[in-house]
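Beneath this line is the structure, given in structure tokens, with notes to follow.
Just so we're clear, the structure is a prediction, and the values are computed from it rather than from any experiment.
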Amino acid sequence: MNDWQRKSPLDWETYVNKLVKVAAVEKQEYEGWVLTVDPVSASIVLATFLENEKVSVSVVLGHAVQEVEILKEGDDETKQRLSCVFAPEESKAYSPEELEKRKKDLKTWLETNHIPVTEQGEAGRMLCVAGVLTIDPPYGPEECSSSNEIILSRVQGLIQGYLEKTP
């Protein structure tokens, strides 16, 4: 077990969002921004920004790491770019006002179509359909959950159709 593998997850966390140079076995060197370090294998996940907003992700296996040198601290813009590396393309942040409007519009639409819906949870953020299905922010088909798969599938289909018709 090498020195890198002996570090604790708290030690590894200090490397996240920093530009590093990793010296590995057989004189291999890798450079990139640390996305994360796997706490089981001590493997380092590095991101390198390419042109055209593309990102290259590489993994240096923990047992091969000999030394990690911090080259540069990440600024806020870099941290934001790194946090979005594995985010789905269609995901975007909504302001509290946009979320409230989405919830209100969806609730109104469901009620108009005679589907019983109530607001539940912290500050009424969650919509509950017929007491058997919940819809969390940002109120899309992916945020529906229910133990009844038939109801889940049908309500997801309804919401998908509603979202495709609204701008």
If the condition is salt bridge (Lys or Arg N to Asp or Glu O under 4.0 Å), which residues does Lys21 pass it with, not counting sequence neighbours? none

Arg125 to Pro137 - nearest heavy-atom pair and separation: NH2-CG, 3.4 Å

Which pairs with one or both residues in residues 7-20 pass side chain to side chain donor-acceptor pair (under 3.5 Å), sequence neighbours excluded? Ser8-Asp11

Report yes or no: does Trp4 contribute a side-chain atom to a donor-acceptor pair with the main-chain N or O of Ala42 at less than 3.5 Å? yes

Tyr162 and Asp105, any side-chain heavy atoms less than 4.5 Å apart: yes

hydrophobic_cluster_shared for Val59 and Leu35, side chain cutoff 4.5 Å: yes

In terms of heavy-atom contacts, Ala64 and Asn2 come closest through N-ND2, 4.5 Å

pair Ile44-Val34: side-chain heavy atoms closer than 4.5 Å: yes

Rounded to the nearest 0.5 Å, what's the gap from OG1 on Thr108 to NZ on Lys103? Could you check? 10.5 Å

Applying a strict under-4.5 Å side-chain criterion to I, L, V, M, F, W and Y, I'd like to know whether Val16 and Val85 cluster together. no

Contacts satisfying side chain to side chain donor-acceptor pair (under 3.5 Å) that involve residues 57-81 (not counting sequence neighbours) are Asp75-Thr78

Is the shortest heavy-atom distance from the side chain of Ile115 to the side chain of Val155 under 4.5 Å? no

One should read off an interatomic distance between Thr118 OG1 and Leu127 CG, to the nearest 0.5 angstrom, of 8.0 Å

Under the rule for side-chain contact (heavy atoms from CB on, under 4.5 Å), what residues qualify as partners of Arg102, not counting sequence neighbours? Tyr94, Pro138, Tyr139, Leu163

What residues, two or more places apart in sequence or in another chain, satisfy side-chain contact (heavy atoms from CB on, under 4.5 Å) together with Gln28? Ala24, Tyr30

So, taking the atom named CD in Gln120 and the one named OG1 in Thr134, what distance separates them when rounded to the nearest 0.5 Å? 8.0 Å

One should read off an interatomic distance between Ile159 CD1 and Ile135 CD1, to the nearest 0.5 angstrom, of 3.5 Å

Is Val132 reachable from Val129 through a run of hydrophobic residues whose side-chain heavy atoms are each under 4.5 Å from the next? yes

Any chain of hydrophobic side-chain contacts (each under 4.5 Å) joining Val45 to Leu61? yes

Same apolar cluster: Leu46 and Val37, side chain cutoff 4.5 Å: yes

Sequence neighbours excluded, every pair satisfying side chain to side chain donor-acceptor pair (under 3.5 Å) that has a member inside residues 35-48: Asp38-Ser41, Ser41-Ser43

Value rounded to 0.5 Å, distance of CG in Leu19 from CD1 in Ile70: 10.0 Å

Can you find a heavy atom in the side chain of Gln156 that is under 4.5 Å from one in the side chain of Leu152? yes

Can a donor-acceptor pair be found between the side chains of Gln160 and Glu164 at a distance below 3.5 Å? yes

Could you measure the distance from the CG atom of Leu106 to the CD atom of Glu111? Nearest 0.5 Å is fine. 10.0 Å

Can you tell whether the side chains of Glu98 and Lys101 come within less than 4.0 Å, N to carboxylate O? no

Tell me whether the count of non-hydrogen atoms from other residues, nucleotides or ligands lying under 6.0 Å of CG in Leu50 goes above 12. yes

